[in-house]
Amino acid sequence: MMTYSMLDSSTREQPMFRVKGATTIATVTDLRRSANELLQRAEAGESVVVQRNAEAVGVLVGYEAFQKLQAVAERLEDLELLLLARRRERAIERGEDRLIPLEEVMRDLGMEPGAGDES
């Protein structure tokens, strides 16, 4: 459950809200009017969820947080690929799948081995 508390809404048609966990919810109008303030919040470690018509359409985060998120996403992708490779390896060991030589794949695709090599 989210807890909300209003931020300074004296100059806004629809108020920005603060959500538990250093997250601010702002409208697109808030973003237009207070971009600098919202970017400062993101740089300070907050996440700013931007909404249009009461639906989230984007998130502002500081660059350092963005880099960390990217690193985590890349690591998860690597782990997922490793898991898929291990599953495939086990299927081959059980005889449920087989390795396909590159030459066979290229022949099936109508390609010549080495075509495109310009050494």
Side-chain angles (χ1 to χ4, degrees):
M1 184 171 138
M2 292 187 205
T3 57
Y4 297 95
S5 61
M6 271 196 206
L7 293 178
D8 176 27
S9 62
S10 59
T11 60
R12 295 175 177 80
E13 294 169 8
Q14 296 180 347
M16 275 192 285
F17 291 93
R18 182 85 190 272
V19 180
K20 188 176 181 179
T23 299
T24 299
I25 296 177
T27 64
V28 172
T29 301
D30 292 328
L31 180 59
R32 284 188 197 116
R33 292 181 180 170
S34 306
N36 193 45
E37 175 191 347
L38 294 172
L39 287 171
Q40 287 174 352
R41 287 175 185 271
E43 288 174 336
E46 286 188 37
S47 297
V48 178
V49 177
V50 180
Q51 293 185 335
R52 179 186 306 123
N53 300 324
E55 287 196 34
V57 293
V59 178
L60 297 175
V61 294
Y63 189 67
E64 187 176 316
F66 173 73
Q67 288 180 311
K68 287 178 184 178
L69 288 170
Q70 270 193 316
V72 168
E74 288 173 10
R75 179 74 174 135
L76 288 173
E77 186 176 295
D78 291 345
L79 291 172
E80 184 178 21
L81 290 173
L82 179 61
L83 177 65
L84 291 172
R86 287 186 177 163
R87 284 180 182 165
R88 180 79 186 268
E89 187 176 52
R90 286 194 298 271
I92 291 168
E93 289 170 357
R94 291 189 304 265
E96 298 169 357
D97 208 342
R98 70 180 184 96
L99 291 175
I100 303 171
L102 177 61
E103 292 79 16
E104 184 180 333
V105 172
M106 293 180 77
R107 186 181 64 248
D108 290 349
L109 294 173
M111 301 171 64
E112 293 181 37
D117 288 346
E118 299 194 23
S119 319

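None of these values were measured; they are calculated from a predicted model. For reference, positions follow the sequence shown, starting with 1.
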Exercise. Does atom CG of D108 have more than 12 heavy-atom neighbours from other groups under 6.0 Å away?
Worked result: yes
Problem set entry | Carboxylate-amine/guanidinium contact R41 E37, below 4.0 Å | yes
Exercise. More than 12 foreign heavy atoms under 6.0 Å from CD of E93: is that the case here?
Worked result: yes
For this session: Check whether L69 and V72 end up in the same hydrophobic cluster, where Ile, Leu, Val, Met, Phe, Trp and Tyr are linked by side-chain heavy atoms less than 4.5 Å apart.
Result: no
Problem set entry | With E96 via side-chain hydrogen bond (donor to acceptor under 3.5 Å, both in side chains) - residues at least two apart | R94
For this session: Check whether any side-chain heavy atom of L31 lies under 4.5 Å from a side-chain heavy atom of L60, and answer yes or no.
Result: yes
Problem set entry | Interatomic distance, R33 atom CZ to T27 atom OG1 [nearest 0.5 angstrom] | 8.0 Å
Exercise. When rounded to the nearest 0.5 angstrom, what is the spacing between CD in E46 and CG in L39?
Worked result: 12.0 Å
For this session: Please list, chain by chain and in numerical order, all residues satisfying side-chain hydrogen bond (donor to acceptor under 3.5 Å, both in side chains) with R88, sequence neighbours excluded.
Result: D97
For this session: Please list, chain by chain and in numerical order, all residues satisfying salt bridge (Lys or Arg N to Asp or Glu O under 4.0 Å) with R86, sequence neighbours excluded.
Result: none
For this session: Would you kindly confirm whether L76 and L83 end up in one hydrophobic cluster when ILVMFWY residues are joined by side chain heavy atoms under 4.5 Å apart?
Result: no
Exercise. Looking at residues at least two apart in the chain, or sitting in another chain, which of them share a salt bridge (Lys or Arg N to Asp or Glu O under 4.0 Å) with E64?
Worked result: K68
Exercise. Does the side chain of R32 come within less than 4.5 Å of T29's, by heavy atoms?
Worked result: yes
Exercise. Other hydrophobic cluster members with L99, side-chain heavy atoms of Ile/Leu/Val/Met/Phe/Trp/Tyr under 4.5 Å, chained?
Worked result: I92
For this session: With rounding to the nearest 0.5 Å, note down the distance linking CD in E89 to CG in L84.
Result: 12.5 Å
Exercise. Quick one: side-chain hydrogen bond (donor to acceptor under 3.5 Å, both in side chains) partners of E104, sequence neighbours excluded?
Worked result: R98
For this session: Might you point out which heavy atoms bring A42 and V61 nearest each other, and give the distance in Å?
Result: CB-C, 3.7 Å
